[in-house]
Amino acid sequence: METSNTVNIRSNGNNKREGFKKNNNNNGFDATSVKQLPTTSDELKYKHYFGEYLGYGVKIIDYEQGLDLYKHGSYGKGILSRSFPIFDNIKSTSTSGSGFHIKKKENKRSRDSNNIEDQLLVTKATPTNSANTITTTTMTTTSIAETKSINDINIEERTLKQQKTTHLESNDHIKIDENKSDREEKSSTREKVEYLQLSLCEAFYLIYSLGCLTILRRPKSSDKISKANNLDTNKKTMVKMTIQECWKEFQTIENSFVSKYIAYHYFRSLGWIPRSGIKYGCDYILYKLKPDLIHAQYGIIIQNRNEKSDNNLRETTGNRIIQSWDELSGINRVSESVAKGIIIFNIFKPKNHSAEIINRITESNSNNGDINNFNNRIYEQTKIECFDLETLSDYKVNMWELKRWIPNRTRA
Amino acid sequence: MSLDDLFEDLQNKYNETHSIVQIHLAYQIYVDLVTLKKWNKVEFKNNDQLIYLHAIENLNNPNNYNIVIPCKSTSIWTVESIKKMFKNLNDLPIDCKAFTLGIQDEDSSISYYELSFNTGLSDPIDSLI
């Protein structure tokens with residue numbers, strides 16, 4: 001049951017908001033163009049980014065926006081690079097295939113009409129049953145115990161300031177220009193292949209805590225789309241995902257999303273940059289400054305405490321609890337060879353947490369990329385425990401740092 | 001063929017039978033192998049359940065191929081499921097004993113791990129003869 005949340009605007013000393021009209025009657029606002037969203041006014045220096053939901057990550061649609069988003073806090077990763085999307089700056093004739101060298105000569109491209117603001121048309125759709133929510137993004141305050149205020153951290157590292165409050169009454173449909181003729185003209189210059197991709201936790205952090213991202217998805221059959229703007233037939237219609245929708249969707253596709261998000265949010269709020277730890281055998285690795293400057297200092301391993309094993313719920317939670325010395329020893333060995341400290345991050349669920357058990361019916365024919373799931377062309381019903389977003393602030397965390405102590409080396 | 005066109009082709013070809021996530025994962029591996037690592041020949045294949053790739057690094061050495069199966073980093077594995085999956089692959093060369101997993105994280109970091117059924121360990125006494 002969705003309740004309407006009140007507007008909570010906290011200004012950071014910049015009170016001018018022309019172009020943002022707030023309708024005081026029903027606690028919502030009407031935006032007929034992208035420029036009227038709170039974060040895209042010309043006077044504000046902050047941008048609003050747009051991403052497409054891929055099913056397992058979020059892709060930033062516009063290349064320039066991706067670069068900008070990366071520069072303001074190292075969010076995401078270029079798909080062809082290790083961190084910053086620099087693949088397109090490399091001469092095509094380079095013999096080495098890696099994306100690490102930045103050559104001085106850049107391909108000159110004329111990207112005159114690819115300004116995404118011109119191409120997007122925010123149209124209002126009739127409210128559907130599934131998405132009739134009024135959502136607010138508020139600045140996270142004490143969302144997790146022991147977080148410092150976000151303001152302190154952002155002044156040091158990022159120029160992007162967080163904005164709150166996007167009030168939406170219904171799903172807004174955004175049309176994206178897929179103008180093919182434009183692209184053919186530019187095919188003589190090198191086509192930009194790379195884009196920035198965000199993980200689910202990063203994307204959710206941007207929409208929930210910072211409010212500067214809008215995630216779009218392809219329309220499903222259950223969405224009602226107004227056919228009012230049918231003039232541009234080469235524009236593709238995409239549906240905007242609300243925060244609640246994102247929260248539910250991400251939990252259903254990834255078992256351990258809540259724990260991963262808690263860890264991500266916690267470290268981001270402290271000023272660390274958590275990135276994927278897939279190559280280091282841990283859940284995240286923490287960078288103090290941007291990844292290009294120094295190597296990561298810590299690897300994080302997330303443990304869920306108080307996790308009940310209930311046979312009715314999903315069988316595998318992806319939760320790792322270190323239960324023996326050899327596991328710890330293995331982790332320690334890897335971390336030594338990659339020169340990172342290990343932090344074990346324990347998450348404790350609140351006792352009175354509210355969760356709804358939803359039946360997720362997989363409509364797709366195949367297994368969504370999950371190799372173990374071979375149910376093909378069947379409507380499969382799985383029960384998943386879906387936690388409420390509001391309970392996020394009740395989780396408790398603590399951390400241990402792991403270091404190997406070698407007696408020989410500590411003798412005087 | 002540009003990569004955008006390739007993606008559209010893939011979508012059109014596999015939209016009915018496979019999910020969009022699998023198409024994305026397979027596409028990401030293709031792009032990684034072809035544009036970044038400059039492998040010579042990478043083809044898409046599929047069976048009922050998944051899309052996978054047959055990749056040859058160097059055309060001078062076509063027998064040195066890899067069957068790459070894209071998967072998410074959050075997949076949970078069992079030995080049985082791996083065996084089952086291996087049996088279900090189509091169009092494999094006869095002497096194929098190994099496949100490579102292209103494990104992708106949500107932000108598109110890829111790690112490749114090769115799994116083979118022939119461990120190469122032979123009985124020590126036999127190897128001396």
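In the text below, chain A, chain B and the rest are named by the order of the sequence lines, each starting its count at 1.
Side-chain contact check for B:Tyr14 versus B:Phe44: some heavy-atom pair is nearer than 4.5 Å. Under the 4.5 Å side-chain criterion, counting only non-hydrogen atoms from C-beta, A:Trp247 is in contact with A:Phe257.
Annotation: cation-pi pair A:Lys59/A:Tyr195 present, NZ/CZ under 6.0 Å from the ring centroid and within 45° of its normal.
Interface residue A:Leu198: only backbone heavy atoms are found under 4.5 Å from chain B. If you measure heavy-atom distances from B:Ile110 to chain A, the contacts under 4.5 Å come from the backbone alone.
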- For A:Glu52 and A:Arg218, run salt bridge (Lys or Arg N to Asp or Glu O under 4.0 Å): C-alpha distance rounded to whole Å, both residues' side-chain angles, the deciding distance at 0.1 Å, then the answer. CA-CA 8 Å; A:Glu52 179 183 343; A:Arg218 285 150 200 273; 3.1 Å; yes

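Most heavy-atom pairs under 4.5 Å with chain A, from the set B:Ser109, B:Ala26, B:Ser111, B:Ser73: that is B:Ser109.
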